[in-house]
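First the proteins, then the strands, lettered A, B, ... as listed; each starts at 1.
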Amino acid sequence: MNLDTVDWTALTILVTFFLVVTVMGFTAVQGRRGRHTAGPMHTLDEWGLGDRGFGTLSSWFLLGGTIYTAYTFIAIPAAMFSTGAVSGFFAVPYTILTYPLIFIVMPRLWSVAHRRGYVTPADFVRGRYQSRSLALAVAVTGLMATLPYIALQLVGIQAVFEVIGLGSSNAFVNDLPLAASFTVLAAFTYFSGLRAPALIAVLKGVLLCLVVFVAFAYLPHKLGGFEAIFTSAGEKMAAVDPQTGQATGVFVPGETGFWAYATLALGSAMALVVYPHTVTAALATRSRDVMRRNAALLPVFTLVLGLFALLGFFAVAARVRPTGLDGLPNPQLVVPELFATQFPSWFGGVAMATIAISALVPAAIMSIAAANLVSRNIYRELVNPDATARQEVRVSKAASFLVKFGALAFVLFLDRRFALDFQLLGGIWILQTFPAIVFGLYTRWFHPAALLAGWAAGMVYGTLTAYDIVSPRTGKHFGGSLAEIPLLGDGRLGYIALTACALNAVVSVAVTILLRAAGLPNGRDGTAAGDYHADAGDPHVEPIRELTR
Amino acid sequence: MTDPPLPHVRTPRPRSPGPWARLGATALLAAPFPALLWVGGYARTGPWLLGFPYFYWYQLLWVFLSSGMTWCAYLLMTRTGRSPDHTPGAYGGPDEDRRYGGYGTSSGRSQNPEDRGYGGYAGRGGRGDFGEYGFGDHGEHRERFR
């Protein structure tokens, strides 16, 4: 490590924030929990869902901290910086449209989960359809989609360390800060469960608002006003890229980009509803109304994200040249680089700490969600059907540890590019659980075998189509998430995940009709209609006590 | 693990917001979709506002509009159609609904005698939901939208 290139002021601030977060993480367990029980956490509800007691404000921070990941705050501005609106700014309509969906869908999931003691989306599928194979498919899909997502949070932290100057040609020294911060994360998740990220999420929310406010109060002045910023971004996007012979990017989508933009927004919005970490955070709320109020209040973070996205254009105007330690241009570094070059060191440090903390909250919640999938839907379903609550929580805690170190190994030992490809696929895969989960919340008409067939069709189609996308820049497979929409003609591009989900739904309907025509029984239903409207205070809507003993 | 047979469950229908409130809430929640998914409607640079091209300020404006609309939908769904506060027995019998408290739980929650005796299911207001009409005879899995 070259000690002269390290920004010591920024590093000191970053380390200070990390220490604060560590203390918060370990003390979180002593907060609300003292009211209920003494002693260590014994039930999955306590550990994995924070005893399901989050009110409107704490859920606002928790859900906001979960949905808006560090990777979003790194990758969206990076996409804006390098290729413009279609691959970047779609995040704004995406995170607007997801809330009406959450408003409609989540209260029903909340109710049935609280009635029946479901902790994961796969639990619900298992109960609703009484189908082990469908539930397993949903659980495994959730795991495969969540793991690379956790890995990408690490990529976010890595970007911060790289810009601060903590890099080295020695691989061990290079990865040490990342490994250290993740060990801390793994430790406090292990001890405090969901309470730790919930408390840290408050710090994250406050810091994000502060950083984006300061950036927008200060930078436009410095860079000659918004009009100058947008104009220079427009010029960059219109310029011809010598490598591909086409325009560098998209400033405002043209006719050909309309479908791509709309399907990316809608597909991502639908996927967010069924991501296991969103469900975990949503089930931890105190009542149905908390969910609904939050659907109206969470767009505050969408505004923050939209403004962060525009920082990509700020960087264009500020002529930031994000260059990695290997000397190659790396757009992922654009936001940390912007703060490092345009602000005094101490504020740069605050901004970097914000991004690093932003990574910890979703990483913790995603690992808890993934761990619950392992303990509830794989361990109990396949290994030990008679698992007691204590065994379950032990498996969950161990799994959350493993999941995080798996993600760490992913980032340290495999190509970073691989994590990106995997995350791209994860988005496609997770949307294939949408019919089973969301349709299932409204109707039991579908045959479980039909939903499984639809899921398989969507997975295969989505994966193969994504494989066929070869990047014009690098010549590698999995080069993007857009492919031609079949049957639409004109070679219009659309988000692969949404096309695959449409195929999934069509197959599910067709096979259900066939199976019904063949007279095959639809199977049983472990839920009752009243389950879908139960609210806090209704009978049997409370933290699951049978797991305590 | 084998699941016990499903009993016949008569499910009450909770009181819900009136049809107008429901229609209004649906419209409010649906509005952002055409507004943002019809990209051709806003994919242009002018008119500029405070230095922002139309494409960008239009979408940022919808953050506020959609948030406000969702809040109004929340008020419509919860502040209207309040049901009487307590309707004992509206939920059917004591055990009808909890035999499957989570699948495979080692000890069913119905073993706790204190849990018996339900307050009315339609006990609280503010539980409006979508798609709760027509949830009739559960035993035959007949469920319709609306």
Are [X] and [Y] packed together at the side-chain level, in the sense that at least one heavy-atom pair is separated by less than 4.5 angstrom?
{"X": "A:Phe89", "Y": "B:Leu60", "value": "yes"}
{"X": "B:Trp62", "Y": "A:Pro93", "value": "no"}
{"X": "B:Leu36", "Y": "A:Val92", "value": "no"}
{"X": "A:Phe226", "Y": "B:Trp48", "value": "no"}
{"X": "B:Thr45", "Y": "A:Phe251", "value": "yes"}
{"X": "A:Leu266", "Y": "B:Phe33", "value": "yes"}
{"X": "B:Tyr54", "Y": "A:Val252", "value": "no"}
{"X": "B:Trp71", "Y": "A:Arg293", "value": "yes"}

How many angstroms lie between [atom1] in [X] and [atom2] in [Y], if you round to the nearest 0.5 Å?
{"X": "A:Leu97", "Y": "B:Leu37", "atom1": "CG", "atom2": "CG", "result": "5.5 Å"}
{"X": "A:Arg288", "Y": "B:Thr78", "atom1": "CZ", "atom2": "OG1", "result": "11.0 Å"}
{"X": "B:Met69", "Y": "A:Ile96", "atom1": "CE", "atom2": "CD1", "result": "11.5 Å"}
{"X": "A:Phe230", "Y": "B:Phe52", "atom1": "CZ", "atom2": "CZ", "result": "4.5 Å"}

For A:Phe314, what residues pass the ring-ring contact (aromatic ring centres under 6.0 Å, His included) criterion, not counting sequence neighbours? A:Phe216
Starting from the C-alpha separation in whole Å, work towards a yes-or-no answer on side chain to side chain contact (heavy atoms under 4.5 Å, CB included) for B:Thr70 and A:Leu297. CA-CA 9 Å; B:Thr70 310; A:Leu297 297 175; over 6 Å; no
Report the residues that fulfil salt bridge (Lys or Arg N to Asp or Glu O under 4.0 Å) with B:Arg44, sequence neighbours left out, ordered by chain and then residue number. none
Given the options A:Val105, A:Leu303, A:Thr302, A:Thr231, which has more heavy-atom pairs under 4.5 Å with chain B than any of the others? A:Leu303
Examine whether an atom of A:Leu310 lies under 4.5 Å from a heavy atom of chain B, and if so say whether it belongs to the side chain, the backbone or both; otherwise answer neither. side chain
Proximal component of A:Phe301, with respect to chain B [non-hydrogen, under 4.5 Å]: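 A:Phe301 has no heavy atom closer than 4.5 Å to chain B.
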Looking at A:Ala296, is its backbone amide N or carbonyl O close enough to the side chain of B:Ser67 to form a donor-acceptor pair, meaning the two atoms are under 3.5 Å apart? yes
Please classify the contact between B:Ala35 and chain A as side chain, backbone, both or neither, with a heavy-atom cut-off of under 4.5 Å. neither
Residue B:Leu65 versus chain A: region with a heavy atom under 4.5 Å: neither
Write down the atom of B:Phe55, the atom of A:Ala85, and the distance for their closest heavy-atom approach.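 Result for this residue pair: CE2-CB, 3.8 Å.
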Using every non-hydrogen atom in the two residues, find where A:Pro299 and B:Val63 come nearest and quote the distance to one decimal. O-CG1, 3.3 Å
CH2 (A:Trp259) with more than 12 external heavy atoms under 6.0 Å: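 No - once you tally the heavy atoms of other residues, nucleotides and ligands closer than 6.0 Å, there are 12 at most.
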